[in-house]
Amino acid sequence: MVNTIKQISPKLQNSSHTSLIHFLSFSAKLFTMPPPMASSTPTRYYIPSSKPSHPSSQTPLSKPSKPSPKLISSSSSPCPSPSLSSSTSASSSHGRSPVLGPEFRRSRSTRVISKRNTTSPKPPNLTSRPASPASRDCLAAITRSSDATTVNTLRSFHPRLSIPEDYCSILHELGDREKSPFKASEIYNFSMPLMRNLTEKGKLLTAAISSFGKMGSHDLARNVFDKGLSDGYGNTVYAFSALISAYARNGMSSEALVVFETMKGRGLRPNNVSYNAVIDACGKGGVDPIISMALFREMLGVGLLPDRKTFNSLLAGFSRVGHLDNARMLFDEMIFSGIGPDIYTYNTFIDAVCKCGNMELAVQVVSEMPAKGVHPNVVTYSTVIDGYSKLGRFDEALNLYEEMRSRGIQLDRVCYNTLLSIYVKTGKYEEIAKVCNEMEVMGIEKDTVTYNSLINGYGKQGKFDVVSRLIQEMRERKVPPSVLTYSTLIDIYSKAGMYGDAANMFLEFRESGLKADVVLYSSFIDTLSKNGLVEFAVWLLNEMVKMGIKPNVVTYNAVIDAFGKSRISVEEDGVQQDSGDPESCGGQIVKAFGQLARGIGRPVADETKRSEELLCILDLFQKMIQQGVKPNVVTFSAILNACSRCNSFEDAKLLLEQLRLFDDFVYGVTHGLLMGCNDVWIQARSLFDELRRMDQPTSSAFYNALTDVLWHFGQRLGAQKVVLEGVHRQVWENTCSEFSLDLHLMSSGAAQAMVHAWLLSIRSVVFAGRKLPEFVSILTGWGKHSKIVGASTLRRVIEALLNTIGAPFQLERYNIGRFVSPGAVVSAWLMESGTINILLLHDSRSSDPLIPANLLPRLQALQL
DNA sequence: GTAGGGTTAG
C-alpha cells in the first residue's frame, strides 16, 4: 500500500498543472482504500465513493420561501432530505464557458485570512477534561481577581489541587477565557517547580503552550517550548502539536510547517492531532489547499485515520480560497465515508457558500440541517446574516435576526457585532445605541471589533465628536486598539481631508509598536492616488513590498485608480530615494500628509503623460499576476475608468488588447464593444449574467465604468445598450419610472445614454397617442454620490446634454438636482420632425449591417 | 486540533 502511494506520487508532482479536482478525486480514491495499519480490519469508514449519488439526494428540492427566507420552517414536519450534491451542481456554472473565477466576482473576502478569535469565551470543554471542583474554584478565583493576586490564589488552593492534572486544566481553561497572558505566565512559573518528573513537566508545558497560543501569544508559547526542549521535557509529540496549533491559531502557517518538519526530523511520529493542527494552520494561513491535501495523503500513507476535525479543517481551507466545488466534494465525501457532518462542518460550508454570494443555496443548506440531526446555532445564523449584509440585502439579514430571536437562540458578541455592522452600514443610529445598550445589559462588553466598527460608521458620517468619545471610552475601558483601529482612524480622517489629524494618528500608531499591515498601506495609497500623487503611490507600493508587506488586490486597485489623475505636487521635489526602511518611509508618509494639507497641486495637462500613465497599468497588471494577486471586477472598473480619462483611443485599444492575453473573456468583451463588433453581444450578456451575484455598489461601478469608456470613445449606441442591460438587471436602484428618471447613481456616460433612451421611450408614448402627465422630470442629485461632495459633475453634464439636444427642461428653482418640464412642452418637442434624429445614438465604429433609419427609434425604445 | 463579526479598492 505504501509502495502504491510512492509510485503514484511522483506522477502527481511532475504534472504541475494537475487540477485540484483531479487531485482531490485521486485522494478520494486513495481514501477508499484501507491504509496499511487497518488493512486487516476494514471498517465502514472506507465506503467506496464512486457512486453517482447517495439515495437521499434524489429527493426533490425544497424551495426557500421568497420574500423573507426562513432558515428553518416553523412547521414540525420533517425537513426535506438533504440534496446538497444535486442542488449545488445545479446552481454552479458547469458546462458553460467561459466562467469567471470567484476572485473576479469579488466574492472572496479580502480580509486577512488569519484571524484570532480570542475575545469570545468558549463554553467549557466538558468532554475531554473533567475539571475537579477545586480547580474550577481556583480558576474562577483567578479570573475574578487582579493580576497581582494570582500567585496568592494559587498558594491558597495548592493543598487541594492535584499534580499535574489540575494545574494543566487551569492553564487550558484560562486560554479560553483570558486575553492577556500575564496570569497564565504566573500560573506556569508557580507550578513548574511542583512537577515531580519529566512526564509531569511535559504535560504542564503542553498546557502552557496551548494556553498562550489561544491568547495570541505565540512568542511566549515558543519561549516555553524552547526552554522545555533544552531542559529535556519538551521533545514530545504533545508539545510539538501544541506549538503547531499555537501557530495555526495565529495564522502562521509557515512556522507551523517548519515545526511539523522539525518534529519528524527529531524522530517523533506525528499523530492525528499533529496532522490536524498542521492542516488547520495551512487553511488559516491561506496556504494553497494542494499542500493541505498533500499532508492529508501523507497522513493516510502512515496509517492514520482522518477524523471529523481533519475533514473540517480541509473543508475550511477550500472554503477560504473560494473553491466551492472542492468544498462540496469534501462535504459529500464526509457523508460517503460515514463521518457525518457536524455543526462545524455545516457552518464552514455555509460560510463558503455565503462568501460566493449564493444566498439561496446557503438558506437551503441550513434548512437541510435538522434532518441530519444538526441544529443551526448562533454561528450559523451570524454567518447567513453576514452573507446577506455583505450583498447589501439588509432587510433579509434583519429578518433572520428576528427569526433567531424568536427561536430563543442567545446572541453572543460576534453576533452583536454583525448586527451592529448592519446598522452602521445603513446609518441607523438609534438602533446602534439600542444594540449597545442591550450588550451592556447582557453583560457583553464591547471589544476591539465593536469599537472599530463604530468608529468607522460614525467617522464615515463625519461625526468626529462621537469618534473622539469612542476613542476615549476605549482608553478608559482598556480595550486595546488594533492595527485596524489605527487604519480606520487614519482612513476616515484622510477621506474627510483632515490630514493633520490623520498624520497625528499615524504618529500615535508608530509609537504603539503595532506592526503596519496591508490595510494601513492600502489606505495610504488610496489617499495618495485620489489626490493625484501617482508617483508617490507607486513608490509606496514598492516600499511596502520591501518591508515584507504583501500588497493585495485592493492595494493594486487603488494604485490603478490613480493613473490618469496625476497632478503636479505643490513642492515639486518629486519622489524620495528608495529605502525599504520603516523609519524613513514613515517620515515620508508624514511629509505626504503635510503636503496634502497644504493643497493638492494642479492637474497634469500634458496628454502624452496621460497616455504613458495608461500603459503603466499594463506593468502593474503583470506584477499583480506574478505575485499571485488575482485581478477582480473592481480592477476591471478601475482600468476602464483610467481609459475614460485618456483621450487616445489607440492607447486604450492597445491596453485592452494586451489585457486580453490575461483574460480574453472579460477584456475581449470590452474590446469587442469598443470596436463595435456585433457578435460580441452574446458573450457580453453571459458576462453580465456571470456577475449577477455582486453587491450593488460593485455592480453599478462595473456598469458605470463600462458605459463611460464606450461613451467616451464614441460608442454611444453600445453604451446605451450596456446601460439598458444594467437597468434590466436592476443594477441601479429606482432608476426609471415612465415619466421620472433618476440618474443620481450613474456615471456621466451612463446617465447621458440613459437620457436618450428615456426620451425615446416617452416619444413612443406620445406617438401612441397617450397624454403625458403635467410634469416629467430628471433627477441628477446634487453631488451627494460624487467623490467630491457638492461638485455636481453629473448635474452639469446633464445640463449640457439637455442644452445640446435642445430638450426643453429647466432646473427646478428650489431643488438644483432636478430638471423638469411640463408634459405638454416635452410632448411638442418630441413631435417635431428633427427631434428623432437628435435622440438616436450611433457608434463611431461598427460592424453592424445598416439598420433602416425608420426602424431604429422603435428598436431603441423597445429596449427600455 | 474544527465554524461566524471589524479595515482598505468601487
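The sequence lines fix the lettering, A, B, ..., with proteins before strands; numbering per chain opens at 1.
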Participant: Could you tell me whether A/Ser487 contacts a base, only the sugar-phosphate backbone, or nothing, with contacts defined as non-hydrogen atoms closer than 4.0 Å?
Facilitator: nothing

Participant: What nucleotide, of B/dA9, B/dT2, B/dG4, holds the atom closest to the side chain of A/Asp526?
Facilitator: B/dA9

Participant: Rounded to the nearest 0.5 Å, what separates atom CZ in A/Phe296 from atom SG in A/Cys282?
Facilitator: 14.0 Å

Participant: To the side chain of A/Ser482, which of B/dT8, B/dG6, B/dA9 is closest?
Facilitator: B/dG6

Participant: Hey, does the side chain of A/Arg320 come within less than 4.0 Å of B/dA3's phosphate (OP1/OP2), counting only N and O?
Facilitator: yes

Participant: B/dT8 base to A/Ser523 side chain: any donor-acceptor pair below 3.5 Å?
Facilitator: no

Participant: Please check if atom CZ in A/Phe688 has more than 12 non-hydrogen atoms from other residues, nucleotides or ligands closer than 6.0 Å.
Facilitator: yes

Participant: What is the nucleic acid contact for A/Val378, judged by heavy atoms within less than 4.0 Å: base, sugar-phosphate only, or nothing?
Facilitator: base

Participant: Is A/Lys460 close enough to B/dT8 that one of its side-chain N or O atoms is under 4.0 Å from OP1 or OP2 there?
Facilitator: yes

Participant: Please classify the nucleic acid contact of A/Ser522 as base, sugar-phosphate, or nothing, using heavy-atom distances under 4.0 Å.
Facilitator: base

Participant: Could you check which of B/dT7, B/dT8, B/dG6 has an atom nearest any side-chain atom of A/Lys390?
Facilitator: B/dG6

Participant: I'd like to know if the side chain of A/Asn377 pairs up with that of A/Thr380 as donor and acceptor (distance under 3.5 Å, no hydrogens or angles considered).
Facilitator: yes

Participant: Let's see if you can work this out: which of B/dG6, B/dG4, B/dA9 has an atom nearest to the side-chain heavy atoms of A/Lys495?
Facilitator: B/dA9

Participant: Would you mind reading off the distance between A/Leu470 atom CG and B/dG6 atom P, rounded to a whole angstrom?
Facilitator: 18 Å

Participant: Decide yes or no, distance alone: a donor-acceptor N/O pair under 3.5 angstrom between the base of B/dA9 and the side-chain of A/Asn632.
Facilitator: yes

Participant: Taking the six-membered ring for Trp and the full ring for Phe, Tyr or His, determine whether the centres of A/Tyr275 and A/Phe260 are under 6.0 Å apart.
Facilitator: yes

Participant: Distance only, no hydrogens: is a donor on one side chain within 3.5 Å (strictly under) of an acceptor on the other, for A/Asp342 and A/Asn312?
Facilitator: yes

Participant: Looking only at side-chain atoms of A/Asp491, point me to the closest of B/dT8, B/dA3, B/dG4.
Facilitator: B/dT8

Participant: Rounded to the nearest angstrom, tell me the gap between atom CZ in A/Phe349 and atom C1' in B/dA3.
Facilitator: 14 Å

Participant: A/Asn312 has an atom CG; how far is it from atom C1' of B/dT2, in whole Å?
Facilitator: 5 Å

Participant: Classify the side chain of A/Ser382 and the base of B/dG4 as holding, or not holding, a donor-acceptor pair under 3.5 Å.
Facilitator: yes

Participant: Looking at B/dG4, B/dG6, B/dA9, which one has an atom nearest to any side-chain atom of A/Asn557?
Facilitator: B/dA9

Participant: What do you reckon, is CD of A/Gln627 surrounded by more than 12 foreign heavy atoms closer than 6.0 Å?
Facilitator: yes

Participant: Is the phosphate of B/dT2 approached by A/Arg249 (side-chain N or O, under 4.0 Å from OP1 or OP2)?
Facilitator: yes

Participant: Side chain of A/Asp342, heavy atoms from C-beta onward: which of B/dT2, B/dG6, B/dG4 has the nearest atom to it?
Facilitator: B/dT2

Participant: Side chain of A/Thr488: nearest nucleotide among B/dA3, B/dT8, B/dT7?
Facilitator: B/dT7

Participant: So if I take every side-chain heavy atom of A/Ile343 and compare against B/dA3, B/dT2, B/dT8, which nucleotide ends up nearest?
Facilitator: B/dA3

Participant: In whole angstroms, how far is the C1' atom of B/dG6 from the CG atom of A/Asp386?
Facilitator: 10 Å

Participant: Return the value, rounded to whole Å, for the distance between atom CZ of A/Phe524 and atom P of B/dA9.
Facilitator: 13 Å

Participant: What nucleotide among B/dG6, B/dG4, B/dT8 has an atom nearest to a side-chain atom of A/Val519?
Facilitator: B/dT8

Participant: In this structure, how many angstroms lie between the P atom of B/dG4 and the CD atom of A/Gln410, rounded?
Facilitator: 21 Å

Participant: Could you tell me how the ring of A/Tyr521 sits relative to the ring of A/Phe524: parallel (under 30°), tilted (30 to 60°) or perpendicular (over 60°)?
Facilitator: perpendicular

Participant: Please evaluate the base of B/dG4 for a donor-acceptor partner in the side chain of A/Asn377 within a cut-off of under 3.5 Å?
Facilitator: no

Participant: Could you check how far CE of A/Met369 sits from P of B/dG4, rounded to whole Å?
Facilitator: 14 Å

Participant: Rounded to whole Å, please give me the gap between CG in A/Asn456 and P in B/dG6.
Facilitator: 11 Å

